[in-house]
Every structure is written in structure tokens, then in C-alpha cells.
Novice: 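To start, I am sharing the structure in question, which I have written as C-alpha cells.
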Amino acid sequence: MMNKLWIVFGLLILLTGCYDRIELEQQSYVIAMGIDKTENKGVYAFTYQIANPEVGSAAGQGGSNEPASEIVTVHGADILSATYTANSFVSKKITLDHTRIIVISEELARNPDFIRVIQSASRSPQIRRGVQLVVSKEKASEFINNNQPVMEQRPHKYFQFMLDRADQTGIIPAASLHRFFQITEGDADLFLAIYASTKKDKKQEQGKNKLEDEYIAGQIPQLGGSPTQFMGAGVFKEGKMIDTLDGEEVRIVHILDNTLELNNYLTTMPDPFDPEFQLSYNYSQKQNAKVDITYHQDKPTEIDVLVPFQIEVIAIPSLIRYAHDQEKQDALENAITKRLEEKTMEIIKKAQEQYKSDPFYWSLYIRHEFTNIKQYEKADWHKKIFPNAEVNVTYQLDKLEFGKMLDDSNLDRVRD
């Protein structure tokens, strides 16, 4: 009899762990959250895109006519209190565990008060530290409402595919909430957020002659498809947005910052022997850039960066036979290397003179020079060391290939 009582008592203890259980069908999952300024100081507009889990799933065959998501906007002082307000008219409990992006309007991102409102995201146990920060050129509520994916109805999959692909090609940075607080509180480097827009920029028509990655979101000449563009980055210094970088500049940051991942990317450049045509090549990097910093207290610090890389030429519209001419290959190698070094030095110069800080996370390589945090903070990488440093960047081409075919069609023989 006593044994049975102990078993019942044990089961009761186990069952108490489920007292606050909420069934899946009783919850609504926020995929994207937007934050905008309002006319009242300290009050913000929070927009929630809530996914319909039945759309696109095998269990939701009968719900194919339902919208893929519901979008609601409420005002509040912080993320959590606004979420509770939204629950007053959303039937299911709003859950933030599956939020993939937080969209901030550029107007709010450039405001000194931005860091006050984003702080609540770090305190909430529901919001994952891996959620990506996106800056939209327009209001965040407009961005979320205008975003109408054509090929993917499920909003969570859409954001996953878009961010993964853009991140792999290097045209947008990895911009997790964790990285934002890590860099901002470190007070030594610049944080890059993803830049996006659903509105066409007035400069779009003027930019038709640009190369494929020399845009920011909204400037890419586009006909048809979804209006949403992810391209470039918003530059944050001390928790406030100060500028934007285009896709090409973000790729260079990926090359120089060993904490970011860059597999390979396809790009173009003017053909060195016939600049009327663009030559396309695949850039890949098997090794990280080697960053060597020599710190001097009484003179400019020296920063030497060596970038080993490989090139696979994909398209030669000029039909110049590089593969069979060593002199032309040497000239092509020099042209590619020179262009990369020039573009890299342009962004380094901008960082030193305009931003007075670096987006490459290079402060990590100088911290061992100091015995304690107080000495490191006194030396001041942010304002003294990096802006006055002498930086040298060398690109080292390890391999040059020409794809599957060495020869293009002989135009003289084709048009005889």
C-alpha cells in the first residue's frame, strides 16, 4: 500500500511541471517585427508579422485560401509591453521565439534613442540572440506590409532563404542581435546591419551603368518580381546609424573581417584589354586574411593585411584568349589584384577619415598588447589608434582558372 502511495506521489510531482503548458494551436508566431518612431517621445510603433502555420504545410490542405500571415501594429514603450498590448486583439498568445528579423526604420536607426528601445530585445528571454537586425529605408511598418514574396508564401522560409543567400554572397553582413550588443558595448568598432527596402530609389535610373554590387537596397534596376531588395549595410557607431555601405563595400568588409563568413562570390570588372566589355569572375578565399598589427605608443600603429585568394574566370565577352597567352594572363592578374587593393583602400580611408573607427573588427588583434582593460581603453583604438594607423593591404592571387572551357568561339571563323 505504501509503495502505491509513493508512486502516485511521484507522478503528481512530475505532472506539476506541465501546469503552464500552452498548446501549439493556442499560440501565434511572430516572424518579423518592425519598430518605428512616433510623434511622442519614448513611444514607438511596433509591427508584428504573425505567420499562419497552416499555409504551406501538409496539415493545412484545407486552409490554402487563408492569408500566409497577419500584420498588426500597436504603440508601446518597449517590445514586451507592446506585445502584451497586441495580445488584446490577437486571439492566440503572441510568441517571439521564432522571430527571424527585427526591422528598424532608418529614421529610428539614425536617432540617438534607438539603443534605448532595442535594449528590451536583449532582456526578453523569448527573443533569440541570433535574430537579424535589418534597417529599412522606409518605415518598418511599410516594409513589412509591402513585402509580398512571389515564389514563397511562407514568410519564415522567405526570410530564411533571402538572408542565407545574400549572406553567402557577401552583399549583406551577418547582423545578429548578439553581434550588435557585442560590438556596441565593446566601444571599439563599427556594427553593420542589413540594409533593405521595398521602395525604388530615385537614383535607380541613374545607376543602370553600375556594376552588379555597387548598389544599396532600392537602387537595383529591376522589372517584375517582389519589390523587396536586400543589399548593402547600415553603419552603426556607438549604437547609432551614421551611414550606408553598398554591396561591394560590404563584400570587402567580409574579406577583411575574419569573424564573418564568406564562401565565394561572382563579380565583374572592365576587361583590361577591352574596357567596353565586362569580365566576370568567381572570387573565392580558402584562407582567412592575415592581419598583423604593430602597436606604437609614440607614432602611428602599423597594420599589415595579407589576403590570399583564388579566381575562376567565368565569362570573357571580349573573346580575348587569356587562357593561351601568359602575358595577357599576367596583365589580367595584375588588373584584378590592383582593383581589389584600390577598392579596399578606399573603404579603409573612408573608415579612418569619415567614421573614425573600423568595421573590420580589427580591435581584436591589438588587445593582447595591453595587460588590463584600463590600459586598453586609455590607448583608445576607437579614436586614436585606428584613425591614425598606417594600413597596408596586399592581395595574393594563389590560383587563376578559366572554367570548364579554355577557348571561346573564334569570332573570325564564325563570321567568315
Side-chain angles (χ1 to χ4, degrees), residues 170 173-176 178-193 233-240 242-243 245 248-263 265 283-310 336-398:
S176 67
H178 176 77
R179 186 177 173 90
F180 170 78
F181 284 110
Q182 189 177 42
I183 291 179
T184 302
E185 292 173 3
D187 194 26
D189 303 272
L190 301 175
F191 170 76
L192 300 185
V235 182
F236 282 73
K237 182 178 182 181
E238 298 175 336
K240 176 187 167 186
I242 57 172
D243 198 13
L245 297 180
E248 184 180 42
E249 291 172 318
V250 176
R251 281 176 165 174
I252 292 172
V253 171
H254 273 88
I255 290 171
L256 301 182
D257 185 348
N258 290 330
T259 66
L260 297 175
E261 186 177 349
L262 177 67
N263 296 325
Y265 66 82
Y283 176 99
S284 64
Q285 211 172 304
K286 304 298 181 186
Q287 302 174 47
N288 287 334
K290 184 181 177 184
V291 182
D292 186 13
I293 298 182
T294 306
Y295 173 61
H296 301 291
Q297 286 185 333
D298 52 352
K299 62 179 183 179
T301 294
E302 297 164 15
I303 303 176
D304 295 304
V305 183
L306 178 65
V307 185
F309 70 106
Q310 298 180 359
I336 293 173
T337 303
K338 182 181 177 184
R339 187 172 186 277
L340 285 168
E341 289 178 348
E342 286 178 350
K343 291 288 181 181
T344 301
M345 291 311 297
E346 283 177 15
I347 188 172
I348 289 173
K349 184 179 179 184
K350 182 194 283 190
Q352 287 185 302
E353 296 180 358
Q354 184 177 335
Y355 303 152
K356 306 291 183 185
S357 189
D358 79 295
F360 318 115
Y361 222 162
W362 283 348
S363 69
L364 295 175
Y365 300 92
I366 201 171
R367 300 185 187 194
H368 70 275
E369 297 280 352
F370 308 95
T371 55
N372 54 53
I373 295 175
K374 193 174 180 180
Q375 283 186 6
Y376 166 69
E377 290 178 342
K378 186 179 179 182
D380 204 342
W381 168 266
H382 204 30
K383 296 176 182 174
K384 296 179 183 175
I385 301 176
F386 175 73
N388 300 307
E390 292 179 358
V391 185
N392 298 300
V393 177
T394 304
Y395 279 81
Q396 184 179 70
L397 181 59
D398 291 339

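Values reported hereafter were calculated over all heavy atoms of this structure, with side chains retained and with hydrogens, waters and symmetry mates removed.
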Novice: Can you check whether I255 reaches F309 side chain to side chain, under 4.5 Å on heavy atoms?
Specialist: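 No, every pair of side-chain atoms sits at 4.5 Å or beyond.
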Novice: Just wondering, do R179 and T259 contact through their side chains at under 4.5 Å, heavy atoms?
Specialist: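 Sidechains of R179 and T259: in contact.
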Novice: List for me each residue that meets salt bridge (Lys or Arg N to Asp or Glu O under 4.0 Å) alongside D358, sequence neighbours excluded, and say none if there are none.
Specialist: none
Novice: Atom CZ of F236 and atom CG of L192: how far apart are they, to the nearest 0.5 Å?
Specialist: 9.5 Å
Novice: Is the Y395 ring parallel, tilted or perpendicular to the Y283 ring (thresholds 30°, 60°)?
Specialist: perpendicular
Novice: What distance do Q285 atom CD and N258 atom CG have between them, rounded to the nearest 0.5 Å?
Specialist: 8.0 Å
Novice: Does atom CD (E238) have a neighbourhood of more than 12 heavy atoms from anything else shown, all under 6.0 Å?
Specialist: yes
Novice: If every non-hydrogen atom of V307 is compared with every non-hydrogen atom of A289, which pair is closest and at what distance?
Specialist: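 That would be CG2-CB, 4.0 Å.
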Novice: Can you tell me how far NE2 of H296 sits from CD1 of I385, rounded to the nearest 0.5 angstrom?
Specialist: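 Going from CD1 on I385 over to NE2 on H296, the span is 11.5 Å.
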Novice: More than 12 heavy atoms of other residues, nucleotides or ligands under 6.0 Å from CD of Q375: is that the case?
Specialist: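 It does: Q375 CD has more than 12 such atoms within range.
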Novice: Can you give me the closest heavy-atom contact between Q287 and P308, atom names plus distance?
Specialist: CB-CG, 3.9 Å
Novice: Holding to salt bridge (Lys or Arg N to Asp or Glu O under 4.0 Å), I want the full list of residues that pass it with K349, two or more places apart in sequence or in another chain.
Specialist: none
Novice: Given side chains that start at C-beta, do those of E369 and I293 come closer than 4.5 Å, heavy atoms only?
Specialist: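 Side chain of E369 against side chain of I293, heavy atoms only: no contact under 4.5 Å found.
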Novice: Side-chain contact test, heavy atoms from C-beta onward, threshold under 4.5 Å: evaluate it for L256 versus T344 and give yes or no.
Specialist: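 L256 reaches T344 side chain to side chain.
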Novice: Whether the side chain of Q352 engages the backbone of A389 through a donor-acceptor N/O pair (distance < 3.5 Å, no angle test) should be reported.
Specialist: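 Side chain of Q352 to backbone of A389: a pair is present.
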Novice: Parallel under 30°, tilted from 30 to 60°, perpendicular over 60°: which one fits the rings of W381 and F386?
Specialist: tilted
Novice: Working to the nearest 0.5 Å, report the span between CG of D189 and CD of Q182.
Specialist: 10.0 Å
